[in-house]
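The figures that follow rest on heavy atoms only: side chains count, while hydrogens, waters and symmetry mates do not. Everything numeric here is computed off the predicted structure, so don't read it as measured data.
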Amino acid sequence: MRLIQNTPDLSAYLADDEVIDHHHPVVRETAARLAEDVDDSYDYARAAFEFVRDAIPHSADTGDPRVTWRASDVIALRTGICYAKAHALAALLRAEDIPTALCYQRFQAVHGLVAVRFDGAWHRLDPRGGKPGAGARFSLTGEGLAFTADPEAGEQDYPTLYAAPHPLVLRALEAAPNAAHLARTLPTAL
């Protein structure tokens with residue numbers, strides 16, 4: 001699949017905003033800790049991916065009722081659904097000047113992941129983790145996503161790479177007082 005930037009300006013994929021708040025102290029401290037034991041940006045990207053995948057549980061798997069969406073909150077509270085975990089990973093990668101986009105798949109609901117830019121190409125990564133059968137792995141040579149879309153079943157990989165969260169996703173997260181409400185209001189398509 002050919003991935004398409006929604007803006008040609010690569011610097012947009014390094015931006016700090018209210019959601020991907022990579023200048024926040026908790027994001028900076030986490031990024032610095034992850035960067036201590038790595039040799040290069042590839043190793044850092046792997047370490048950040050594995051941290052978000054493994055150290056931040058997916059709230060739907062754990063039954064955590066809290067809804068997080070801001071990267072610093074996801075990292076500080078150690079909980080979030082796929083979108084929130086994607087926001088956290090994007091912030092950690094952007095904190096180390098690695099261009100990172102948000103991207104999506106459609107299953108019963110829209111699923112959030114990221115794409116990272118290395119060697120002039122975008123590579124999708126899925127920090128979801130947690131759920132049995134969700135075998136997400138770090139790879140820059142082939143996709144190691146948690147789930148593979150089946151077009152015959154109406155599932156879809158969206159090719160657009162967003163510099164900021166899709167407005168439908170962000171509205172659902174911001175409006176949800178708890179996980180049960182969010183589960184009923186997740187976008188089913190973009």
Side-chain angles (χ1 to χ4, degrees), residues 5-7 9-36 38 41 44-62 64-105 110-118 122-130 136 138 145-146 160-179 182 186-187 190:
Q5 292 177 209
N6 77 325
T7 177
D9 182 5
L10 196 57
S11 69
Y13 298 96
L14 293 167
D16 179 89
D17 60 29
E18 182 183 15
V19 178
I20 304 171
D21 56 343
H22 65 78
H23 285 107
H24 190 283
V26 75
V27 177
R28 286 292 181 188
E29 290 164 12
T30 303
R33 190 172 60 252
L34 292 170
E36 285 176 356
V38 299
S41 60
Y44 174 81
R46 179 187 305 278
F49 170 82
E50 290 174 352
F51 170 78
V52 173
R53 183 193 63 192
D54 301 340
I56 300 174
H58 190 284
S59 57
D61 295 340
T62 62
D64 192 324
R66 297 174 293 176
V67 175
T68 55
W69 52 268
R70 185 177 288 115
S72 58
D73 292 338
V74 175
I75 294 168
L77 298 174
R78 299 284 171 103
T79 189
I81 66 166
C82 60
Y83 309 129
K85 291 179 64 135
H87 300 165
L89 180 55
L92 289 170
L93 294 171
R94 289 181 184 186
E96 291 295 314
D97 295 321
I98 299 170
T100 308
L102 299 168
C103 50
Y104 304 92
Q105 295 174 299
V110 173
H111 174 60
L113 42 139
V114 303
V116 61
R117 190 164 177 90
F118 277 111
W122 288 101
H123 308 274
R124 293 190 309 167
L125 301 172
D126 188 347
R128 191 232 187 266
F138 182 87
L145 304 181
T160 305
L161 301 174
Y162 297 91
H166 192 282
L168 291 175
V169 167
L170 189 55
R171 275 196 297 272
L173 290 167
E174 289 178 321
N178 56 52
L182 180 61
L186 288 172
L190 298 181

Task: Test item: Leu113 and Leu125 side chains (from C-beta on) under 4.5 Å apart, heavy atoms - done: no
- [ ] Determine the minimum heavy-atom distance between Leu145 and Gln105, stating which atoms define it.
- [x] CD1-NE2, 3.7 Å
TODO: Quick one: closest heavy-atom pair of Thr68 and Thr79, and the distance?
DONE: OG1-O, 2.7 Å
Open item on the list: Is any side-chain heavy atom of Tyr162 closer than 4.5 Å to one of Pro167?
Closed with: no
TODO: Establish, from distance only, whether the side-chain atoms of Thr7 and Asp9 form a donor-acceptor pair under 3.5 Å.
DONE: no
Task: CG-CD distance between Leu170 and Glu18, expressed to the nearest 0.5 angstrom - done: 7.5 Å
Task: Gap separating the CD1 atom of Ile20 from the CZ atom of Arg94, nearest 0.5 angstrom - done: 4.0 Å
Open item on the list: I want to check something: taking the side chain as every heavy atom from C-beta on, are Ser59 and Arg66 in contact at a cut-off of under 4.5 Å?
Closed with: no
- [ ] Quick one: pull up CG in Leu161 and CG in Leu102 and give me the separation to the nearest 0.5 Å.
- [x] 9.0 Å
Task: Distance-minimising heavy-atom pair for Cys82 and Val110 - done: SG-O, 4.5 Å
Task: Between His23 and Arg28, a side-chain donor and acceptor under 3.5 Å - done: yes
Open item on the list: Strictly distance-based, threshold 3.5 Å: is any side-chain N or O of Asp126 a donor or acceptor partner for the main-chain N or O of Ala146?
Closed with: yes
Open item on the list: For Ala88 versus Val74, what's the shortest heavy-atom pair and its separation?
Closed with: CB-CG1, 3.7 Å
Task: Closest heavy-atom pair and its distance - Ala179, Asp64 - done: CB-O, 3.6 Å
Open item on the list: What I'd like to find out is whether the side chain of Tyr13 reaches to under 4.5 Å of the side chain of Arg117, using heavy atoms alone.
Closed with: no
Task: Pairwise side-chain contact, Val38 with Arg46, heavy-atom cut-off 4.5 Å (strictly under) - done: no
Task: Test log, rule side-chain hydrogen bond (donor to acceptor under 3.5 Å, both in side chains), inputs Ser72 and Asp21 - done: CA-CA 7 Å; Ser72 58; Asp21 56 343; 2.5 Å; yes
Task: Inter-residue atom distance Asp17.CG - Arg70.CZ, 0.5 Å rounding - done: 10.0 Å
Open item on the list: Could you check whether any side-chain heavy atom of Phe49 comes within less than 4.5 Å of a side-chain heavy atom of Val116, counting everything from C-beta outward?
Closed with: no
TODO: Please name the pair of heavy atoms, one in Gly80 and one in Ile56, separated by the smallest distance, quoted to 0.1 Å.
DONE: N-CG2, 4.4 Å
Open item on the list: Nearest 0.5 angstrom please: Leu182 CG to Leu173 CG, how far?
Closed with: 5.5 Å
TODO: Enter the distance from Trp122:CH2 to Thr100:OG1 here, rounded to the nearest 0.5 Å.
DONE: 6.5 Å
Task: salt_bridge(Asp61, Arg128) N-O dist < 4.0 Å - done: yes
